[in-house]
Every structure is written in structure tokens, then in C-alpha cells.
Amino acid sequence: MIQVTLKDGSRIQVEKGTTILDIAKSISEGLAREAVAGEINGTVKDLFTPVTEDCSLNILTFDSEGGKHTYWHTASHIMAQAVKRLFPGVKLAIGPAIDNGFYYDFDYERSFTPEDLQAIEEEMKKIIKEDHAVERFSLSRDKALELEKDEPYKVELINELPEDAEISFYRQGDFTDLCAGPHLPSTGKVKAIKLMQLAGAYWRGSEKNKMLQRIYGTAFPKKSQLDEYLQRLEEARKRDHRKLGRELDLFDIYEEGPGFPFFMPKGMILRNLLEDYWRKEHVKRGYQEIKTPMMLTKELWLRSGHWDNYKDNMYFVNIEDAEFAVKPMNCPGGILVFKRRLHSYRDLPQRMGELGLVHRHELSGTLHGLMRVRCFTQDDAHIFMTPEQIKDEVIGVIQLIDDFYSTFGFKYHVELSTRPEKSIGSDEMWEISTNALKEALEDRGIEYKINEGDGAFYGPKIDFHLEDCIGRTWQCGTIQLDMNMPERFDLYYIGPDGEKHRPVMIHRVVFGSIERFIAILTEHFAGAFPVWLSPVQVKILTIVEKHIPYAGEVKARLEEKGIRVELDGRNEKIGFKIREAQLEKVPYMLVIGDKEAESGHVAVRSRKEGDMGSMPLDSFLEKILNEVETKAL
RNA sequence: GCCACCAUGGCUCAGCUGGUAGAGCAGCGCAUUCGUAAUGCGCGGGUCAAGGGUUCGAGUCCCUUUGGUGGCUCCA
């Protein structure tokens with residue numbers, strides 16, 4: 001007998017060799033039915049794995065991360081099995097579970113069509129119905145290579161497995177695949193499936209390799225869960241900033257300027273409000289603002305290293321036989337500003353902000369609304385400081401970013417990237433700066449994930465990934481330490497000892513790109529921006545023509561207080577005007593009829609709560625001004 | 001850039017296996033003066049992304065180009 005400790009801490013005795021599934025059954029039939037895998041001492045295992053020694057065991061259902069992973073992994077095998085049946089010559093690459101489902105990469109003589117996808121899905125349903133048992137077995141390297149001799153990608157994978165690795169396979173009916181597992185015990189366990197899309201993907205993610213065909217799919221234990229998932233996607237589509245941007249007349253991108261967005265009058269209101277907020281907060285924190293030119297000479301970019309490292313992403317212009325580059329980053333300009341005069345250690349830190357429009361040549365296939373464009377405005381700043389000031393300055397930026405994100409109601413997580421293989425600077429400087437970043441994070445009690453070797457070539461960085469209301473994350477803020485540029489541009493300050501010293505530089509952004517941030521905000525709020533950001537905050541709706549004079553007075557009163565207000569005095573029914581204002585996502589509608597005109601009231605309707613009844617104009621003013629002032633969400 | 005798919009009036013979309021463009025919304029005009037998500041009637045608007053080809057005939061088939069969508073790579 002061996003002792004198994006369950007998730008709730010209770011212990012049970014089972015016979016050695018009992019499978020996880022049997023243990024689940026002994027706990028409850030329901031659990032056994034729901035179980036998809038088991039976690040033995042923290043490692044996810046197949047349900048048919050026998051338990052051979054004392055251990056802790058967690059029975060996983062679809063609701064857990066590991067459970068989903070197992071479930072989707074088996075679904076991907078079922079898909080591969082179906083594809084193999086329908087297209088015998090197909091070669092298999094890899095087929096993992098991912099965030100919301102799974103994919104499998106195939107190499108086939110012709111491209112799959114949407115009709116093929118249909119057929120594959122049907123075949124998958126058959127395989128599920130046939131309910132093949134899934135079994136696991138291991139082979140020696142030679143035997144494994146023999147078994148996979150017709151699968152060149154599998155052969156490559158096997159050859160790259162470490163000497164001592166177990167080479168395991170999973171078999172279900174007529175299909176066998178090299179796989180580490182774990183898997184569901186049978187194909188019948190998978191219930192609701194759907195193939196989502198077809199896409200090209202390079203073998204092993206490298207553009208030097210052959211492009212394979214990737215089929216994405218997802219699966220759930222219940223049809224209702226699949227429907228719910230599809231509905232969430234539909235919801236995300238409704239929130240798409242490209243659609244809302246056009247509908248709400250905020251911004252758009254035209255064929256005449258691929259990747260170069262246009263901002264409409266209402267979009268500019270939003271944008272200017274964000275920039276006003278940004279300026280105010282930065283002045284408060286001791287930043288100065290500068291503006292550096294859009295184009296600078298080739299020599300500058302040679303010196304900064306961009307010519308060597310970033311040329312493919314830059315645009316160039318010839319002026320009177322001299323070559324200029326349109327700036328892809330603001331730092332070289334900022335450095336010239338710093339260099340304009342001699343600095344004492346007493347002047348440091350110098351915090352110089354710039355809302356700088358940068359242009360980067362991005363591959364056409366990567367463009368995506370405002371999220372990925374070819375010109376965008378970075379809310380940049382460069383902080384020049386002594387090495388001793390690094391930690392405090394980084395903390396200052398971390399706090400600034402936290403303030404900003406919480407203003408919009410965003411949750412976020414933080415990642416720290418360390419020295420990459422290809423990098424410059426001494427070990428000592430890397431250690432100092434990486435530690436400074438760590439200390440700053442720890443000082444603020446912020447949890448962070450480390451991305452080993454993912455830093456910029458000139459220094460380590462902290463990235464802020466914010467999460468929108470439907471759970472997607474976006475990299476926005478970043479804090480990068482740089483010891484390279486000060487060197488290249490021979491920056492120095494005079495220390496207390498009267499000698500020249502090299503300053504350290506921070507590059508940082510909070511919004512990241514104003515354009516992208518606006519896109520994120522648009523999707524986050526589904527176009528219904530908080531009152532302080534709404535391009536139109538109040539819409540006055542008259543019942544009939546004769547109310548226009550009083551409505552005009554109301555409008556004037558609101559405008560006097562800086563409220564952005566529109567008057568809809570058209571000869572239309574009130575229901576129609578409300579519907580339009582609601583679709584325009586105006587936070588407050590003021591309905592003006594006889595009663596209001598006589599009493600000096602306004603009938604308030606909120607886009608969120610509907611009819612709020614009648615109130616004196618002053619009460620409404622107080623309410624909305626308070627919301628604007630507090631940036632209420 | 002690579003793979004797949006897509007491109008019809010301002011917007012959303014019909015248009016079967018090729019026979020010469022249609023709806024709703026929006027716009028404009030007229031009527032209606034009305035209390036919390038669509039008043040009625042009428043009118044105008046498209047070289048069917050661009051170019052080339054097949055055909056007696058192309059929105060529909062083929063090729064090229066441009067732009068978009070979803071991925072891959074890259075990234076704010």
C-alpha cells in the first residue's frame with residue numbers, strides 16, 4: 001500500500017499501481033467523469049498513469065490550466081488523425097495546446113481550403129464517436145526513428161531530443177504520434193470541437209524554414225462552453241477599435257496611407273485630453289518637455305547605432321545631396337538637447353519628456369489598425385542621471401506608470417528582461433543596472449517575471465503589460481536602462497570631484513504609443529469612454545422645436561463650465577434622438593420639454609443607467625463636474 | 001515580407017452553375033411638433049479596388065498589382 005495526499009490535504013491508502021483514474025473513482029464517480037488528468041507531485045500525468053509511490057495527487061478537471069492543456073492536446077491529436085485520414089500524404093510537424101485551444105502544423109502538397117476544414121471537423125467528430133482508447137508507449141531512439149521514418153519533422157525532433165530523454169508516443173486507433181503527453185484516456189472524452197482558422201506558420205518559427213499550414217481549433221467538454229467562447233470572440237469583434245473608431249468617428253486608416261492613421265475631430269479631443277493629462281502629471285514630477293525634429297542627418301544615426309541595428313525599419317530622404325533619416329526613435333534628438341551645455345552633478349537627474357512622432361517601416365503583413373502602425377507618437381522621456389540615482393529614478397517611473405494605469409482601471413503585470421547574448425557594456429555595469437531595476441521593483445513590492453536574455457543590447461528593461469477588460473494583454477510602458485548611448489555620444493557631467501563622469505540614461509514610455517493606447521482604451525471601454533474622456537459629454541435633446549431656446553441656455557451654462565455638449569434640436573421623436581445619442585455612447589442625455597423649461601430642470605438620462613429623472617440644472621452640473629474632476633470610471 | 005482568405009454605393013451586406021447591379025442604414029426633399037432605443041412618403045447615389053486576359057458577353061472565370069483580415073516573423 002502507498003499513501004496519496006490529495007489536494008485538500010487528506011490522505012488515502014491505495015494499492016501500489018492503482019491508476020489516477022481509479023483513485024478518482026474511489027473519491028467520487030462525478031470526479032472520475034470530469035477528470036481529464038492528474039498532477040502527481042506537481043507534474044501533469046495521464047489518468048491511466050499507475051501510482052507507484054507515496055505522493056501528492058491533484059485530480060485535474062477541464063477547469064484547471066493543466067486540465068485544459070491536456071484536453072486541447074488530445075483534441076489536436078484528433079485533428080491530426082482526421083487530417084491523416086483525409087489527406088494521406090500529409091506530413092506532421094507539431095501540435096500543441098495554446099491559450100484558447102490548440103493547433104497543428106501540417107506540410108501538404110496543396111493548400112487546405114475552408115471546405116477541407118469542414119471535412120476535417122466532420123472526420124474529427126467521427127473519431128470522437130469511435131471513442132478510441134489513448135495509450136502511451138516508449139521506444140528506443142532507433143525504434144522511434146524507424147517508426148517515424150516517413151515523418152521528416154518528427155525525425156528532426158527525435159534527433160534533437162537529449163541523450164537520456166524518454167521518447168514517448170501516444171496511440172489512438174489508427175493514429176500514433178510522437179508526444180510527451182499527457183493526454184485524455186480516450187478520444188470520446190472530447191465533446192464540442194470547432195476549427196477556427198487556417199494560417200501559415202514557419203517550421204520552428206523561423207522565416208528561413210519552410211512555411212507550413214497551421215490549423216487552429218478549440219474544444220470544450222460542453223457545447224454551452226464552446227458557444228460561450230464563440231460569443232466572447234463575437235464580443236471582442238464588437239469592441240474592435242477599427243470598427244468603433246469608424247463608427248464613432250474617432251480615427252481611421254485609408255488605403256492611401258497603409259499604417260498611417262488619420263485622427264478625426266472627435267478622436268483629436270480624446271487624444272488631446274490624454275496628452276493634457278500626460279503633461280500635467282509630468283510637470284508635477286519634475287519633467288521638462290522638448291520637441292526634437294522628425295528628420296536628422298545620416299551621421300547622427302550612424303553614431304547612435306541605429307544605422308547598423310535598425311536600418312531596415314527606417315525611412316530615408318535626400319535633401320541637397322545629403323542623406324537624412326526620419327526618426328524611428330526620439331533618443332538621439334534628446335541626447336543632442338542634453339549635450340547643448342555642460343552639466344553639473346547638481347543638475348541631475350534631468351527628466352526630459354517628448355511626445356515624439358516616430359516612423360518605422362513595418363512589414364505590410366503586421367499592420368493592425370492603431371495597434372500596429374508605421375507612424376506613432378511615443379510618450380517618451382529620457383532621464384539623465386548619476387549611477388547612484390538609478391534606483392530612485394526607476395521607482396519614480398514605476399509609480400508614475402502605476403498612477404496612469406489605475407486611472408484607466410487597467411490591471412497589469414511586469415516583466416524584467418536581462419542581458420542578451422549580443423550586448424555591449426561591462427559585466428559590472430550590467431550587474432549594477434539589472435540590480436537597480438530589481439531593487440526598484442522589490443522596493444515597490446511588485447511581483448515580476450524575469451525574461452532571461454531578453455533585454456535591449458544596451459541595457460536591461462522593465463516592461464509593463466496591461467490587461468484589458470476581456471483579458472487580453474498589451475505591452476505598453478517600458479523602462480530601459482542605457483549605458484551605451486551616453487558612451488557613444490560622449491555624454492558627461494562634472495562630479496563633486498571636478499572630474500568628468502558618464503551619466504546613465506533611462507528611456508521610458510508610459511502609454512507606449514498614444515495611438516495604440518487609444519486603441520486599447522477604445523476596446524477596453526467598448527467606445528463608452530469615461531465622462532472625462534468622452535469627446536461629447538452631454539447631448540441635449542429637445543422634445544419639440546419650441547424648447548430650443550431653453551435648451552440653448554442649458555448648453556451655454558454647461559459650456560461655461562467646460563463641458564463638451566451638443567444640442568440635438570432636430571424635428572425628430574425623442575425616442576429616435578435618444579437612440580442615436582445612445583449609439584454614439586454619449587454619457588449623459590438631457591431631455592428638455594415643457595416641464596424642464598418651466599422649472600429650470602433637466603431630465604437626465606445616463607447611457608449606463610437610463611432615465612434618472614428630473615433634477616435642477618445645477619445639481620446635474622455638480623454631478624458631472626465631479627465625475628470629470630475625479631476621472632470617474 | 002511569407003501562407004490562407006477577402007475587396008460590390010458613406011456604412012453593413014445580397015447578387016445561384018458568366019447574360020450586363022440590389023436591400024437596409026446613412027444623405028437629401030416633403031409631411032408630421034411628438035416625453036426616454038428607429039414617424040411616414042419620395043429622391044439622388046456604384047467605371048462592382050486597379051490593370052490585363054478568356055469569352056459573342058465578366059461583379060461572377062484566369063493572371064498581375066494595390067489594400068484589408070487572420071496567422072508566422074517582428075514589435076510601441
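Reckoned from all heavy atoms, side chains included, excluding hydrogens, waters and symmetry mates.
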Within the 4.0 Å heavy-atom criterion, would you say [X] contacts the bases, only the backbone, or no part of the nucleic acid?
X	value
A:Q582	base
A:F576	sugar-phosphate
A:R242	sugar-phosphate
A:V373	base
A:E362	base
A:I253	nothing

For RNA chain B, which ranges pair as stems of 3 or more consecutive Watson-Crick or G-U pairs, with both donor-acceptor distances under 3.5 Å?
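Consecutive-pair runs (3 or more) involving RNA chain B: B:1-7 with B:66-72, B:10-13 with B:22-25, B:27-31 with B:39-43, B:49-53 with B:61-65.
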Has A:H368 got a side-chain N or O lying under 4.0 Å from the OP1 or OP2 atom of B:G71?
no
Determine: side-chain N/O of A:R246 to OP1/OP2 of B:U12, distance under 4.0 Å, yes or no.
yes
Give me, pair by pair, the N or O atoms of the protein and of nucleotides 49-51 of chain B that are less than 3.5 Å apart, along with how far apart they are.
none

Nearest-Å distance for atom pair [atom1]/[atom2], residues [X] and [N]:
X	N	atom1	atom2	answer
A:K243	B:C11	NZ	P	13 Å
A:L583	B:A26	CG	P	11 Å
A:Q480	B:C75	CD	P	11 Å
A:D379	B:A76	CG	C1'	9 Å
A:H465	B:C75	NE2	P	13 Å
A:R237	B:U12	CZ	P	14 Å
A:W278	B:A76	CH2	P	18 Å
A:R372	B:C72	CZ	P	12 Å

Please lay out, stage by stage, how A:E580 and A:R570 fare under the test salt bridge (charged side-chain N to carboxylate O under 4.0 Å, His left out).
CA-CA 12 Å; A:E580 280 202 349; A:R570 291 176 304 170; 2.7 Å; yes
Donor-acceptor side-chain pairing of [X] and [Y] below 3.5 angstrom:
X	Y	answer
A:H507	A:D482	yes
A:R110	A:Y108	no
A:K327	A:T292	yes
A:T218	A:N100	no

Please check this pair: side chain of [X] against backbone of [Y], looking for a donor-acceptor N/O pair closer than 3.5 Å.
X	Y	result
A:W72	A:P96	no
A:R605	A:G610	no
A:S406	A:G409	no
A:Q480	A:G459	no

Do A:T542 and A:Y550 have side-chain heavy atoms sitting under 4.5 Å apart?
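No; the side chains remain at least 4.5 Å from each other.
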Are any of the side-chain heavy atoms of A:Y104 and A:I215 separated by less than 4.5 Å?
no
Start with the C-alpha gap between A:R271 and A:E275, add the side-chain angles, then the distance that decides, and say whether salt bridge (charged side-chain N to carboxylate O under 4.0 Å, His left out) holds.
CA-CA 6 Å; A:R271 192 185 166 118; A:E275 293 187 359; 3.5 Å; yes
Do [X] and [Y] have their ring centres less than 6.0 Å from each other?
X	Y	result
A:F404	A:F410	no
A:H524	A:F408	no
A:Y588	A:F620	yes

In residues 92-109 of chain A, what residues come within less than 4.0 Å of RNA chain B, judged by heavy atoms?
none
Evaluate the ring planes of A:H306 and A:W301, with Trp represented by its six-membered ring, and classify them as parallel (under 30°), tilted (30 to 60°) or perpendicular (over 60°).
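Aromatic pair A:H306/A:W301 classed perpendicular.
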Within a reach of under 6.0 Å around CD of A:E156, are more than 12 heavy atoms found that belong to other residues, nucleotides or ligands?
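Enclosed.
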Footprint string (nucleotides 1-10 of chain B, 5' to 3'): B base within contact, S backbone only, - free, heavy atoms under 4.0 Å:
BBBS------
Protein-proximity profile, nucleotides 28-36 of chain B, B/S/- by nucleotide at the 4.0 Å heavy-atom cutoff, equals ----BBBBB
May I ask whether A:Y216 stacks on the base of B:G71, given the cut-offs of 5.5 Å between ring centres and 30° between planes?
no
N/O-N/O pairs, protein side and nucleotides 63-65 of chain B side, under 3.5 Å:
none

For A:F262 and A:F251, run ring-ring contact (aromatic ring centres under 6.0 Å, His included): C-alpha distance rounded to whole Å, both residues' side-chain angles, the deciding distance at 0.1 Å, then the answer.
CA-CA 5 Å; A:F262 283 68; A:F251 45 77; over 10 Å; no
Sole residue of A:F517, A:Y412, A:F511 in ring pair (Phe, Tyr, Trp, His ring centres under 6.0 Å) with A:F464
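Result: among A:F517, A:Y412, A:F511, A:Y412 is the only option passing the ring pair (Phe, Tyr, Trp, His ring centres under 6.0 Å) with A:F464.
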